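Each remark here refers to the structure printed beneath this line.
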Amino acid sequence: MDLSKYNQKRDFNSTTEPKGVIKKAKNELIFVVQKHAASQLHYDFRLETAGVLKSWAIPKGPSMNHEEKRLAIMVEDHPYNYKDFEGTIPEGNYGAGTVILWDTGIYTLADEQNNAKLEDQIKTGLANGHLSFILKGKKLNGEFTLVRLKIPQKNAWLLIKKQDQYATETDILKENKSVISNLTLEEMAK
């Protein structure tokens, strides 16, 4: 896992984003979803693995409806400390705009294999373009799958909610406040 792209894209003298340092959680693997009003509103979906947050930008945001597939564009790895980031990235900086922590929690793999290390299973799933996992968050719960699309652009994936007890047609994105500050994007921007 590498944070060089993350560090190259940022001027840490003018943004409050954390510097890229590899660091692991002490216990369970975490996930975060940050709502980001940059040039285009999107949701940044991040899964911890090997000391970084593997990251995807989801233009329409995650869905709890098992019939909806959401485009997820894989972006550069982010540092573990990004898990708590909220605020405004100033104009002129990469990703300029306001960010709130829309959801957070822990995750496990849906098909954990007892004889293989969890990190190795995640790495293999990502390399193969198919990763199924169970989220236990404040908003997102249940089983999801990330599937890489077979098109020339290798960073295009789909985030798909599996049909389980948490699946619903209710629009989860209407829950528009941060899980830590209880602010909307507009309130955070002020």
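None of these values were measured; they are calculated from a predicted model.
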Output a table of donor-acceptor pairs, distance under 3.5 Å, between side-chain atoms of residues 169-176 and any protein atom two or more places apart or on a different chain; print 'none' if there are none.
residue : atom : partner : partner atom : Å
Thr170  : OG1  : Thr168  : OG1          : 3.1
Asp171  : OD1  : Leu173  : N            : 3.0

Do Ser132 and Leu109 have side-chain heavy atoms sitting under 4.5 Å apart? no
With a 4.5 Å heavy-atom cut-off, do Gln34 and Phe85 have their side chains touching? yes
Verify, without hydrogens or angle tests, whether Tyr82 (side chain) and Gly20 (backbone) share a donor-acceptor contact under 3.5 angstrom. no
pair Leu47-Leu53: side-chain heavy atoms closer than 4.5 Å: no
Clusters formed by hydrophobic residues whose side-chain heavy atoms approach within less than 4.5 Å: which one holds Ile160, and what are its other members? Leu71, Ile73, Val147, Leu149, Ile151, Leu158
When you group the ILVMFWY residues by side-chain heavy-atom contacts below 4.5 Å and let the links chain together, are Ile134 and Leu146 in the same group? no
Tell me which pairs pass salt bridge (Lys or Arg N to Asp or Glu O under 4.0 Å) where either residue lies in residues 3-21, with sequence neighbours left out. Lys9-Glu76, Arg10-Glu17, Arg10-Glu76
Donor-acceptor contact below 3.5 Å, side chain Arg46 vs main chain Pro79: no
With a 3.5 Å distance limit and no angle check, can you tell me whether Asn141 reaches the backbone of Gly137 through a side-chain donor-acceptor pair? yes
Of Ile122, Leu126, Leu131, which meets side chain to side chain contact (heavy atoms under 4.5 Å, CB included) against Lys54? Leu126
Are side-chain heavy atoms of Glu86 and Ile180 found at a separation under 4.5 Å? yes
Cation-pi, Tyr80 ring and Lys23 (6.0 angstrom, 45 degrees): no
Stepwise side chain to side chain donor-acceptor pair (under 3.5 Å) test for Ser14 and Asn93: CA-CA 8 Å; Ser14 64; Asn93 286 276; 2.9 Å; yes
Would you check if Phe144 and Leu135 make a side-chain contact, meaning some heavy-atom pair closer than 4.5 Å? yes
Say whether, by atom type as modelled, one donor and one acceptor occur between the side chain of His36 and the main chain of Gly95 under 3.5 angstrom. yes
Roughly how far, to the nearest 0.5 Å, is OG of Ser55 from CZ of Phe45? 10.0 Å
Please identify each residue that fulfils ring pair (Phe, Tyr, Trp, His ring centres under 6.0 Å) with His66, with sequence neighbours left out. none
Carboxylate-amine/guanidinium contact Arg70 Glu68, below 4.0 Å: yes
If you count the non-hydrogen atoms of other residues, nucleotides and ligands that lie under 6.0 Å from CD in Glu187, is the total more than 12? yes
Is a donor on one side and an acceptor on the other found under 3.5 Å between the side chain of Asn128 and the backbone of Gly125? no
Heavy atoms from other residues, nucleotides or ligands near NZ of Lys139 exceed 12 (cutoff 6.0 Å): yes
Asp103 side chain reached by Val32 side chain, heavy atoms, under 4.5 Å: no
Of the non-hydrogen atoms in Glu143 and Ala110, which two are nearest, and what is the gap between them? OE2-CB, 3.4 Å
With sequence neighbours left out, what residues match Asp84 under side-chain contact (heavy atoms from CB on, under 4.5 Å)? none
Under 4.5 Å between side-chain heavy atoms, chaining through other members, with only Ile, Leu, Val, Met, Phe, Trp and Tyr counted: pull out the rest of the cluster around Leu41, sorted by chain and number. Ile100, Leu183, Leu185, Met188
